[in-house]
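Inspection log for the structure reproduced underneath, given as structure tokens.
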Protein chains: 2
Amino acid sequence: MGERSVTTRERIIKAAVKLFHGEGIRAVSVDAVAAKAGVTKRTLYYHFRSKDNLIAAYLETRDQPNLVVFRQWFDEAKGDVADRVEAIFQNLARSARHPKWKGCGFLRTSVELINMPGHPAIVAGRAHKKRVEDWLCGVFVEAGIEGPDARQLARQVILLIDGAFSVVLLHRDPGYMEAAGAAAASLVRARLATGREKDRPNGAPTATGDQDSEGDARDEDA
Amino acid sequence: MGERSVTTRERIIKAAVKLFHGEGIRAVSVDAVAAKAGVTKRTLYYHFRSKDNLIAAYLETRDQPNLVVFRQWFDEAKGDVADRVEAIFQNLARSARHPKWKGCGFLRTSVELINMPGHPAIVAGRAHKKRVEDWLCGVFVEAGIEGPDARQLARQVILLIDGAFSVVLLHRDPGYMEAAGAAAASLVRARLATGREKDRPNGAPTATGDQDSEGDARDEDA
DNA sequence: CAATGTATACCGGCCAGTGAATATACACAA
DNA sequence: TTGTGTATATTCACTGGCCGGTATACATTG
């Protein structure tokens, strides 16, 4: 594995991210990715066994950054857990206002590959969503919510996030993102309230919150 | 327009519904639809100007039935508005347990045609979702919730429904559908409670509820 | 030289859409 | 009743193009 090969491989992945995320997996040909990467198709096939392989690489690239952005948005927000969760939606709404915003690549890929349940890209999508859910679950547990309730709540917030991705993509109206945020905050507060009856009067310890925003989660695009 | 032509046209649409919904729009060729309909491709192009046209026809076919099923599930459920809304999710969960369940055709089509915002199929999808939202909004207004609050609540329930469609399709776990139902019920109850302070003690008049279930909303498939 | 990486050129197959001709059905005249 | 015209409905055969993937050869570098 020479140094130069890594560069070429990364250039191909970068092109794949832009095109696959921007136009969809089935709408983009391998030739198009190769062209955008400034590489012959044969070179692309030297670095990736198949198009499916390249698709998986594209999503694996997005996993970590997406999760980091979520954490960042949560950490830098002010207020209690409910406020911080709602802040995620507000940031998502800001991203969605960019005309090139294309929703969630994991969700969209799972739709495009609906009849290939074992496809590595689907597996990657499931893992990513689970990772976000687990992080949220941990956040809620730290806020004093019982394990099973925290899990259920995390799932409900995930449902609202992914619902917002889908609905905003359809209607192109970020207002839905804010409605989802309000719903999430309401659910978190309700859960916090039921727990508070046997716990101390204040639900969550206030976290830090200093990092700068920007990152936008709108996945590449020129 | 002879009688026979209507039959052929309907046969083509029926085949299109099965294939497009079952495998996705881009994954299914016009030849495949024609073959499934027992018709030459040229005949198909006699009845539909283009594939895009056929896609639109497929979704227009699904609009009314889907809405009717939702209403039915709501009407035949017992309990208050929150219970009835939750019943929608329970029925959806039952549908999602069928192995051939493929989520929401409108949502999936909007993903597959992401860069064609004016496409008739996208327009049909928006209209359908709005219709469901408007119906829910009316339901909430009848239950005594103020106009703007009812609208917001309807949007939040839609977000949970569409989120559940997406997430269950990804994870293949109908448990998310039930979590979404619980979230929806919780949101409805919270809204009912805030209104009840100035209204009468009981939020919703109990509706009828007599028709038989079954219908499954899992869109065709052999 | 041998391993790695890149390029040209090509393949079989599928895909959306079409041209030209034909079959069917009904309207109306002889 | 038969014949003819016209609109509808359907078929076969085809095209130009793109698509995923490959055979082969050439370059660069240790």
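Both backbone and side-chain heavy atoms feed into the values below; hydrogens, waters and symmetry mates do not. Per chain, numbering begins at 1; letters A, B, ... match sequence-line order.
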Report summary line: Whole-Å distance, A:R9 CZ to C:dT4 C1', equals 15 Å
Requested in this report: Could you pick out which residue, A:D31 or A:R42, lies toward the 5' side of DNA chain D when each is mapped onto its nearest nucleotide?
Outcome: A:D31
Query raised in the report: Atom CG of A:L54 and atom C1' of D:dC19: how far apart are they, to the nearest Å?
Result: 15 Å
Query raised in the report: OP1 or OP2 of C:dG5 less than 4.0 angstrom from a side-chain nitrogen or oxygen of A:T8, does that happen here?
Result: no
Query - N-O pairing of B:R97 and B:D173 below 4.0 Å - result: no
Report task. Could you check A:K18 against A:E23 for salt bridge (Lys or Arg N to Asp or Glu O under 4.0 Å), going step by step and ending with a plain yes or no? Result -> CA-CA 8 Å; A:K18 280 186 191 177; A:E23 310 181 29; over 6 Å; no
Report summary line: Taking C:dT6, D:dG20, D:dT10 as options, the one with an atom nearest any side-chain atom of A:Y45 is D:dG20
Query raised in the report: Of all the choices, D:dC19, C:dC15, D:dA9, which nucleotide is nearest to the side chain of B:Y46 once you look at every atom?
Result: D:dA9
Query - Rounded distance (nearest 0.5 Å) linking atom CD1 of A:I12 with atom CD of A:E10 - result: 10.5 Å
Query raised in the report: Hey, is the side chain of A:K41 pairing donor to acceptor with the base of D:dG21 inside 3.5 Å?
Result: yes
Query raised in the report: Reckon B:S29 touches a base, only the sugar-phosphate, or nothing at all at heavy-atom distances under 4.0 Å?
Result: sugar-phosphate
Query raised in the report: Quick one: is B:H47 getting a side-chain N or O under 4.0 Å of the D:dT8 phosphate, OP1 or OP2?
Result: no
Report summary line: Whole-Å distance, B:E10 CD to D:dA9 C1', equals 16 Å
Query raised in the report: B:T40 side chain N/O closer than 4.0 Å to the phosphate oxygens (OP1, OP2) of D:dT11?
Result: yes
Report summary line: Whole-Å distance, B:K51 NZ to C:dC15 P, equals 8 Å
**Report entry** Distance below 4.0 Å between A:S50 side-chain N/O and D:dG20 OP1 or OP2
**Finding:** no
Requested in this report: Figure out the CE/C1' separation between B:M116 and C:dA16, and round it to whole Å.
Outcome: 13 Å
Requested in this report: Answer yes or no: is there a donor N or O on one side and an acceptor on the other, between the side chain of B:R26 and the main chain of B:E112, under 3.5 Å?
Outcome: yes
Query - d(CZ, A:R26; C1', C:dC14) in whole Å - result: 13 Å
Query raised in the report: With a 4.5 Å heavy-atom cut-off, do B:K129 and B:L107 have their side chains touching?
Result: yes
Report task. Could you state the atom-to-atom distance from CG of B:L19 to P of C:dA16 in whole Å? Result -> 12 Å
Query - Nucleotide C:dA16, atom P - distance to CG of B:L44 in whole Å - result: 10 Å
